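These notes concern the structure reproduced below.
If you're wondering where the values come from, they're calculated on a predicted model, not measured in any experiment.
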Amino acid sequence: MYVVVNAAMSADGKLASRQREQLDISGPEDFDRVDQLRADSDAVMVGVGTVLADDPSLTVKDADRHAARRSRGEPENPARVVADSRIRTPPEATVLDDAAETYLLTSEAAPTDFIEQMEAAGAYVLAAGEDRVDLTTALAKLEGEGIDRLMVEGGGELIFSLFEAGLVDELRVYVGATVLGGRDAPTLADGDGFVESFPELALESVEQVDDGVLLTWTVEN
């Protein structure tokens with residue numbers, strides 16, 4: 001599986017304000033780029049914190065891209081993947097609608113009633129890990145479902161965990177022309193943080209997009 005992490009952050013490295021509100025850090029050109037990246041992916045993944053904060057649809061917006069996917073024998077939208085170790089996904093979340101298939105990754109400790117509730121809401125539940133989601137096992141299961149190219153859109157806890165597990169192949173970051181500040185504001189890679197064996201990145205390109213820059217790195221796992 002090829003894993004691409006894509007994110008937009010402020011000039012000071014924040015994904016959102018300290019209130020964790022969804023903000024438009026980038027502009028129309030970058031939104032279109034992200035839509036194309038979704039259209040080129042087999043699935044789009046987020047953590048449950050992003051679901052709770054933003055209630056995203058994670059779908060392709062452009063009709064021509066829908067048509068292009070159909071012409072390739074693919075559904076209009078890529079599958080959606082939610083990593084939820086703490087069983088917090090609400091049954092009314094937009095990612096559980098019928099616009100695309102949705103996989104919910106949870107641990108083997110997830111209560112049966114929660115799994116049944118998620119399945120009734122339309123999700124395919126994949127358990128991996130005893131007490132929290134084992135991302136290596138979970139992504140292997142997704143690959144078994146035919147997902148070969150995975151786009152990850154956040155949040156910072158999930159992105160850190162993927163880097164920690166050595167599962168990221170490419171990192172694309174849009175850096176916007178704004179400063180958000182706040183010691184409690186989410187960053188690109190939250191979690192415990194690295195103190196040694198830091199992930200090594202190779203810069204592939206720098207491109208001006210809207211009023212910011214798009215940085216693309218490959219990850220030297």
Review point. In terms of heavy-atom contacts, does CZ of Arg88 have more than 12 from other residues, nucleotides or ligands at under 6.0 Å?
Key: yes
Practice item. Would you mind listing every ring pair (Phe, Tyr, Trp, His ring centres under 6.0 Å) that reaches into residues 182-205, with sequence neighbours excluded? Key: Phe160-Phe194
Review point. Is there side-chain contact between Leu58 and Pro78, with heavy atoms separated by less than 4.5 Å?
Key: no
Practice item. Answer yes or no: is there a side-chain heavy-atom contact under 4.5 Å between Leu215 and Arg172? Key: no
Exercise for review: Mind listing the closest non-hydrogen atom pair of Asp131 and Ala109 along with its distance?
Suggested key: OD1-CB, 4.3 Å
Exercise for review: Determine which pairs satisfy salt bridge (Lys or Arg N to Asp or Glu O under 4.0 Å) with at least one residue from residues 23-39, sequence neighbours left out, and list them in order.
Suggested key: Asp30-Arg33, Asp32-Arg65, Asp35-Arg65, Arg38-Glu153
Check your understanding: Should Lys14 and Thr187 count as side-chain neighbours, where that means a heavy-atom distance under 4.5 Å?
Key -> yes
Point to revise | Side chain His66, main chain Val60, donor-acceptor under 3.5 Å | key: yes
Can you give the donor-acceptor pairs under 3.5 Å from side chains of residues 40-50 to other protein atoms, not counting sequence neighbours?
unit_1, atom_1, unit_2, atom_2, d
Asp40, OD1, Gln36, NE2, 3.0
Asp40, OD2, Gln36, NE2, 3.4
Ser41, OG, Leu37, O, 2.7
Asp42, OD2, Asp148, N, 3.0
Asp42, OD2, Arg149, N, 2.9
Thr50, OG1, Gly155, N, 3.1

Review point. So does Glu143 pair up with Lys141, basic N to acidic O under 4.0 Å?
Key: no
Point to revise | Partners passing side-chain contact (heavy atoms from CB on, under 4.5 Å) against Ile115 (at least two apart in sequence or in another chain) | key: Ala110, Glu119, Val125
Study note, to complete from the structure: For Ser161, the side chain to side chain donor-acceptor pair (under 3.5 Å) test, sequence neighbours excluded, returns none
Check your understanding: To the nearest 0.5 Å, what is the distance between OG (Ser107) and CD1 (Ile87)?
Key -> 8.0 Å
Check your understanding: Would one find more than 12 heavy atoms of other residues, nucleotides or ligands at under 6.0 Å from atom CZ of Arg70?
Key -> yes
Point to revise | Side chain proximity check, Val152 to Asn6, heavy atoms < 4.5 angstrom | key: no
Point to revise | Interatomic distance, Leu105 atom CG to Leu142 atom CG [nearest 0.5 angstrom] | key: 5.5 Å
Check your understanding: Considering only heavy atoms from C-beta outward, does the side chain of Pro199 approach that of Val168 to under 4.5 Å?
Key -> no
Exercise for review: Indicate the atoms forming the closest heavy-atom contact of Ala100 with Asn77, along with that distance.
Suggested key: CB-CB, 3.8 Å
Point to revise | Hydrophobic cluster identity match, Val206 and Leu214, side-chain contacts under 4.5 Å | key: no
**Study point:** Shared hydrophobic cluster for Leu203 and Phe163 (ILVMFWY, side-chain gaps under 4.5 Å)
**Key:** yes
Point to revise | Nearest non-hydrogen partners of Met1 and Leu139, listed with the distance | key: CE-O, 3.3 Å
Check your understanding: If you look at every heavy atom in Asp12 and Gly181, which pair is closest and at what distance?
Key -> OD2-N, 2.7 Å
Practice item. Return the minimal non-hydrogen interatomic distance between Val179 and Ala11, and the atom names on each side. Key: CG2-CB, 4.4 Å
Check your understanding: Do Val175 and Leu171 share a hydrophobic cluster (ILVMFWY, side-chain heavy atoms under 4.5 Å, transitive)?
Key -> yes
Review point. When rounded to the nearest 0.5 angstrom, what is the spacing between OH in Tyr2 and CG in Asp169?
Key: 5.5 Å
Exercise for review: Please list all pairs passing the salt bridge (Lys or Arg N to Asp or Glu O under 4.0 Å) test where one or both residues lie in residues 96-110, with sequence neighbours left out.
Suggested key: Arg80-Asp97
Practice item. Please collect all salt bridge (Lys or Arg N to Asp or Glu O under 4.0 Å) contacts where either partner lies in residues 187-196, sequence neighbours excluded, each pair once. Key: none
Exercise for review: Quick one: which residue pairs count as a ring pair (Phe, Tyr, Trp, His ring centres under 6.0 Å) with a foot in residues 20-64, not counting sequence neighbours?
Suggested key: none
Review point. Should Val219 and Ile159 be counted in the same cluster of Ile, Leu, Val, Met, Phe, Trp and Tyr side chains packed under 4.5 Å apart?
Key: yes
Check your understanding: Under the side chain to side chain donor-acceptor pair (under 3.5 Å) test, which residues partner Ser85, sequence neighbours left out?
Key -> none
Practice item. Tell me whether Val51 is reachable from Leu158 by hopping between hydrophobic residues (I, L, V, M, F, W, Y) whose side-chain heavy atoms are closer than 4.5 Å. Key: no
Review point. Does Thr218 have any side chain to side chain donor-acceptor pair (under 3.5 Å) partners at least two apart in sequence or in another chain, and if so, which?
Key: Glu204
**Study point:** Val173 side chain near Trp217 side chain, heavy-atom distance below 4.5 Å
**Key:** yes
Check your understanding: Just checking, any donor-acceptor pair under 3.5 angstrom between side chains of Ser26 and Asp210?
Key -> no
**Study point:** Exceeds 12 heavy-atom contacts within 6.0 angstrom, atom CZ of Arg69
**Key:** yes
Check your understanding: If you round to the nearest 0.5 Å, how far is CG of Leu188 from CE of Met9?
Key -> 6.0 Å
**Study point:** Glu130 CD: over 12 foreign heavy atoms closer than 6.0 Å
**Key:** no
Exercise for review: Flag the pair Leu135 / Leu162 as yes when at least one side-chain heavy-atom distance between them is below 4.5 Å, and no otherwise.
Suggested key: yes
Study note, to complete from the structure: To the nearest 0.5 Å, atom OG1 of Thr178 lies from atom CG of Leu23 at 8.0 Å
Review point. In Å, rounded to the nearest 0.5 Å, how long is the span from CG of Asp211 to CD1 of Ile25?
Key: 13.5 Å
Exercise for review: Identify the heavy atoms of Ala68 and Ser71 that sit nearest to each other, and give their distance.
Suggested key: O-OG, 2.6 Å
**Study point:** Verdict with supporting geometry, Asp84 and Thr89, side chain to side chain donor-acceptor pair (under 3.5 Å)
**Key:** CA-CA 7 Å; Asp84 185 2; Thr89 303; 2.7 Å; yes
Practice item. Using the ring pair (Phe, Tyr, Trp, His ring centres under 6.0 Å) rule, collect all pairs that involve residues 109-148, keeping only residues at least two apart or in two chains. Key: Tyr103-Tyr124
Revision key, fill the gap. Contacts of Thr94 meeting side chain to side chain donor-acceptor pair (under 3.5 Å) (sequence neighbours excluded), chain-then-number -> Asp55
Exercise for review: Report the C-alpha separation of Leu167 and Thr136 in whole Å, then their side-chain angles, then the decisive distance to 0.1 Å, and conclude whether the side-chain contact (heavy atoms from CB on, under 4.5 Å) test is met.
Suggested key: CA-CA 7 Å; Leu167 296 171; Thr136 301; 4.1 Å; yes
